[in-house]
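Take a look at the structure below.
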Amino acid sequence: MSPAEWTVIDFIHRGPWWRNQGIRVLNLLLIVPLLTASINGLDSSLVNGLQILPAWQDFFEDPDGKTLGLISAAQVIGSIAGLPFTPYSSDHLGRRPTLFIGALVMLAGVALQSSATGIGMFIGARGLIGFGLTFALNAAPLLITELAYPTQRGKLTSIYNASWYFGSILSAWTCFGAWNGAGTSPWSWRIPTLVQALGPIIQVFVVWLVPESPRFLVAKGRESKAANALARFHSVTGDERDPLVVFEMAQIRHALKMEKEAAQNTSFSTLFATPGNRKRMCIIIALAVFSQWSGNGLVSYYINLVLEGVGISDAGTKAAINGGLQIWNLVAAMSGALLVDKLGRRTLFIISNVGMLIDFGAWTLTTALFNSLHDAAAAKATIPFIFIFYFFYDIAYTPMLIAYTLEILPFNIRAKGFAVMNLVVSLTLAFNQFVNPWALDAIGWKYYLVYCGWLIIELVFIVVCIIETKGRTLEETAALFDGEQQPQVLMQTGGEAATMSMCVPRGPGIWIQEEKSTVTDIMEMHDATLRHVAGPSRYSKPTGDSEYGSSRDWEAL
């Protein structure tokens, strides 16, 4: 038999995921780490919304220039300070404890920030929040990626980063509501800062209900717990002998073995030790830079300056535009997340970059017309161009920056590679937050031309370098960068193990192990096993391609 005949598609649950109790419970529990992206969106967007509030401006004496840049960058500086520790915490303590630590530190930062009496105390609190957030940001997506059901991994990891906008929406509309309700009272800015505590409080108390990553457990020699978690949440039968569970365990063991042989002592230098790893890191670093240097940083962190640049000065109008933009961003990002398995990663990246380039050029033109000719029509046209720009940005970079990074990294360097991605995002973000307000003050709309040129460079890189990863397990995807032999070995190992694990019922309580040699025989035996254990109401044999595609489709990708 050809090794390529074995893929995860031969063993997965068929039909809607909500009809499978294990997947239903798993997806509900994964909301806990998914909250991290929303917490990030709330924390990162808060200063953007606070700048619009007159009470915040008065309390901190109208910060601008360097001071405003430092306030905006304080959280990023805290994140950078924590980054060297996060991969070691995730790899040695586990994904869940690291998420717990991050949530606790964030709660301390929120308490300090909401009681701030001066600009220094506020900046310090922002840094502490960033320090805790970086632990959660490292652990949460790893836990989701490594625990999610195989056919839902792409959507869930894409939805993870898209959930950033739930937080930014809450931030924008909380600031708007506080401005309407509290007016010039200091509570108009203290209330939005207290709202930041909601997500971390939930995570502190609920995170221990979420199972630990099976890949982490296997790496630490706790295979029985890993198999138990996979059986509980991935198997229709709840049996550790289920072919899917055996397939996944075999792939995890074999992938870890190969990675261990390739790198006995894993360090940050391992990220660049082989041609495959260097190619991975080149793509990851580029995407991290693109995610912040595509022009989105102008509105994401300085919408007040951008709107004033086209003549919009009313605080209520600016707050409403900011709130509406966040809702729009959420819809666009979730649309992209749901399309990753249909259109593919590469296609979405190309559509995104082409759209951003064309739209940002139009946005630059309308801003230039208003500033040069004071054309009111050009000012009005700028607002829809901002919304269109974010649609194209959100369909790819919001859902796939983290998802694509984690997909292409093998387990032994996943946490460290992800930490590097977060570091690059933080550095480029810090650069933006310091430079953007100065550049906008100094040269105005002409600063937009820099981004127009950079977007051309981005598009060329995306077309040349991005590899499609749709329809593969984590192990098969990571192996794409190391030649064709490893994916075949992984599929063969998992497939053979799953085949050998299958038993057919010969009567109540009597099971006889049989070996089959074709995918058709395997599926027939799988049907008999599942009907015997779970009953026909919970499993039915597919008559054609499922919603996840046929085995042949997945192998061809």
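As the structure is a computational prediction, the values presented were derived from the model and not from experiment.
- A salt bridge links E223 and R253; the closest N-O separation between the charged side-chain nitrogens and carboxylate oxygens is under 4.0 Å.
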Discussion item. S168 vs N329, test: side-chain contact (heavy atoms from CB on, under 4.5 Å). Steps then yes/no.
Written reply: CA-CA 9 Å; S168 66; N329 286 339; 5.7 Å; no
Discussion item. With side-chain contact (heavy atoms from CB on, under 4.5 Å) as the criterion, how do L99 and V210 come out once you've worked through the C-alpha distance, each side chain's angles and the decisive distance to 0.1 Å?
Written reply: CA-CA 11 Å; L99 185 57; V210 183; over 6 Å; no
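- No more than 12 heavy atoms of other residues, nucleotides or ligands lie within 6.0 Å of CZ in F205, so this atom counts as exposed by the packing criterion.
- Ring orientation note: the planes of Y390 and Y393 are nearly perpendicular, at an angle over 60° on the 30°/60° scale.
- By the 30° and 60° cut-offs, the orientation of the rings of F391 relative to W328 is tilted.
- No side-chain donor from either of D43 and Q75 sits under 3.5 Å from a side-chain acceptor of the other.
- Side-chain contact between P97 and E212 is present, with at least one heavy-atom pair separated by less than 4.5 Å.
- Ring geometry for Y397 against F290 counts as perpendicular: the plane angle is over 60°, on a 0 to 90° scale with 30° as the lower cut.
- Crowding of R232 atom CZ: a count of heavy atoms from other residues, nucleotides or ligands under 6.0 Å not exceeding 12.
- Here E146 pairs with R95 in a salt bridge; the nearest charged N to carboxylate O distance falls below 4.0 Å.
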Discussion item. Apply side-chain contact (heavy atoms from CB on, under 4.5 Å) to residues I467 and R346 and explain how you reach the verdict.
Written reply: CA-CA 6 Å; I467 296 174; R346 175 180 164 83; over 6 Å; no
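- Considering only heavy atoms from C-beta on, F272 stays 4.5 Å or farther from N277 through its side chain.
- Looking at I466 and L287, their side chains come closer than 4.5 Å, going by heavy atoms from C-beta outward.
- Looking at T428, its side chain never comes within 3.5 Å of a backbone N or O of V289 through a donor-acceptor pair.
- Exactly one residue among N422, I402, T36 makes a side chain to side chain contact (heavy atoms under 4.5 Å, CB included) with P141. That residue is I402.
- Among L406, N138, L401, the single residue meeting the side chain to side chain contact (heavy atoms under 4.5 Å, CB included) criterion with M421 is L401.
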Practice prompt. Please assess R96 against S213 for the test side-chain contact (heavy atoms from CB on, under 4.5 Å), listing each intermediate value before the final yes or no.
Written response: CA-CA 8 Å; R96 288 188 307 174; S213 159; over 6 Å; no
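- Paired with I39 under the rule side chain to side chain contact (heavy atoms under 4.5 Å, CB included), one option of L170, I129, L133, L198 passes, and it is L133.
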